[in-house]
There are 2 protein chains.
Amino acid sequence: MTETQILNYALNQFAGIDAAAFELSAPYWQRKTYGKGEFYNEYKNVCKYLGFILDGVFRTYYIDDESAEEKNVFFFSKNQVVVAYKSFVTQTPCSYYTESMTESTILYIHINHLTELYGKSHHWERFGRLVAETAFNLAMNRAEEFMFRTPEQRYLELIQNHPDIFNNVPLYHIASYLGIQAPSLSRIRKRMVGK
Amino acid sequence: MTETQILNYALNQFAGIDAAAFELSAPYWQRKTYGKGEFYNEYKNVCKYLGFILDGVFRTYYIDDESAEEKNVFFFSKNQVVVAYKSFVTQTPCSYYTESMTESTILYIHINHLTELYGKSHHWERFGRLVAETAFNLAMNRAEEFMFRTPEQRYLELIQNHPDIFNNVPLYHIASYLGIQAPSLSRIRKRMVGK
DNA sequence: CTATATTCTTAACCCAAGTTAAGATCGTCA
DNA sequence: TGACGATCTTAACTTGGGTTAAGAATATAG
């Protein structure tokens, strides 16, 4: 399967984009590869592209003014959309960095082209709405994790629900994602051995 | 100003709904009042209505299985939309309770009518998108509060940004919203006296 | 204006995460 | 293989929230 076919298939799964609707978009998608540590989008930049990950893992993180620590907010991996959603839809500067954690390949489309597609086909409008709902779900799930669960519960749920991330990311990045320091994660892991 | 005019004005401010577009919706809006403690929507119910608050304050809360405690997730007040967003857009059962904390009055519209309006006017499509973005911002802000701020910082920001809520809600509800117990909020307040 | 319920604060004790620094383990590549 | 850097764990101590229960302050109603 070619990369374009993979994209076509994924968009069909995600939003029912059919062959004709996909054809409309075909001229607009571009391909890009990232080395480990390269940025998809940086703090204070406006996010102008929506990406589809063919391979690799990205993380978006915040830098805390006071502690100067990086705090991981989201991970994005294979066959997912990667975008700084708020910055993208409002075309305002981003509060985060989004960095490739591995060698990665994406296909991406410019916001102007996407907006153009919204006008041309209801399939693409539907796509836009579904991206919005996905972004909402990501943010709400994250809020719920922190409001309702302990760090230990968050750790267990990450292993359950996102083994792909757990298995491909160093523990200190996991700790940051869980909202705790590396030594605390070590203690949690130690505590759990007895269970 | 009549209640309908207030709604018209608010929708115009929020999403540029003009007189003609508002006319389309006029037959669909209904009025409802709530006593203190009455529910806008309950756990396991599908949220079928989107409300606009003319007066009053609502809270949506989660009941933790283990501790059986209520955890406040959002407050909604005058001139805001009240809705259980995820339940509303997916028409699936809600995880939360949304309760009126005061005597309240809302105007509300059924999802089927709203969907109908989406098809009739780009103004209403725009409204749908803006509600989605508002819901995303609410959820993302909440996630950021918990990921990046201490309880004390969250308390200060609530006073700064939402004095209307702070001044009209008992402290034990504020504590729950901040993700801490009432005695902890008391300690924070005490600590801060010296500043 | 008192009685009552609600809300808020305080105290004492417990426990988990933060902090810092040291050392163990793992990977990788010359 | 051996040496370096990266990652992970551990220890000792500090800090702040959780828990429980008591009591103080505030509202509300009779």
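To find a chain, count down the sequence lines: A is the first, B the second, and so on, and within it residues start at 1.
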Undergrad: Is the A:Tyr97 ring parallel, tilted or perpendicular to the A:Tyr61 ring (thresholds 30°, 60°)?
TA: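 Answer is parallel, since the angle falls under 30°.
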
Undergrad: How about NZ on B:Lys48, more than 12 heavy atoms from neighbouring residues, nucleotides or ligands closer than 6.0 Å, or not?
TA: no

Undergrad: Using atom CD1 of B:Ile174 as one end and atom P of D:dG17 as the other, report the distance to the nearest whole Å.
TA: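 To the nearest whole Å, that distance equals 16 Å.
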
Undergrad: Over 60° means perpendicular and under 30° means parallel, so classify the ring planes of A:Phe148 and B:Tyr62, tilted if in between.
TA: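 The arrangement is parallel - the two ring planes meet at less than 30°.
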
Undergrad: Return the value, rounded to whole Å, for the distance between atom CZ of A:Arg189 and atom C1' of D:dT10.
TA: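 One finds 14 Å between C1' of D:dT10 and CZ of A:Arg189, rounded.
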
Undergrad: Check whether more than 12 heavy atoms from other residues, nucleotides or ligands sit under 6.0 Å from atom CD of B:Gln91, and answer yes or no.
TA: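 More than 12 within 6.0 Å, yes.
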
Undergrad: Can you list the steps and then say if B:Phe146 with A:Phe146 is a ring pair (Phe, Tyr, Trp, His ring centres under 6.0 Å)?
TA: CA-CA 6 Å; B:Phe146 279 82; A:Phe146 279 82; 7.4 Å; no

Undergrad: Whole angstroms only, please: what is the CG-C1' distance between B:Asp64 and D:dG18?
TA: 14 Å

Undergrad: More than 12 heavy atoms of other residues, nucleotides or ligands under 6.0 Å from CZ of A:Phe39: yes or no?
TA: yes

Undergrad: Under a 3.5 Å cut-off on both pairing distances, which runs of 3 or more consecutive Watson-Crick or G-U pairs involve DNA chain D?
TA: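 Only these stems qualify: C:1-7 with D:24-30, C:9-22 with D:9-22, C:24-30 with D:1-7.
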
Undergrad: Whole-Å distance between D:dG5 C1' and A:Lys36 NZ?
TA: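 After rounding, the reported distance stands at 12 Å.
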
Undergrad: Is there side-chain contact between A:Glu99 and A:Thr60, with at least one heavy-atom pair below 4.5 Å?
TA: no

Undergrad: Just say parallel, tilted or perpendicular for the rings of A:Phe76 and A:Phe74, cut-offs at 30° and 60°.
TA: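 Plane angle between 30° and 60°, so tilted.
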
Undergrad: Give the B/S/- string for nucleotides 15-30 of chain C, one per nucleotide from 5' to 3', where a protein heavy atom under 4.0 Å of the base yields B, of only the sugar-phosphate yields S, and otherwise -.
TA: -SBBBB----------

Undergrad: Count the heavy atoms of every other residue, nucleotide or ligand shown that sit under 6.0 Å from OH of B:Tyr118, and state whether that count exceeds 12.
TA: yes

Undergrad: Mind running a 4.0 Å heavy-atom check of residues 165-172 of chain B against DNA chain C and sending the residues that fall below it, in number order?
TA: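 Correct list: B:Pro170, B:Leu171, B:Tyr172.
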
Undergrad: Would B:Arg59 and B:Glu70 pass as an ion pair if we require N to O under 4.0 Å?
TA: yes

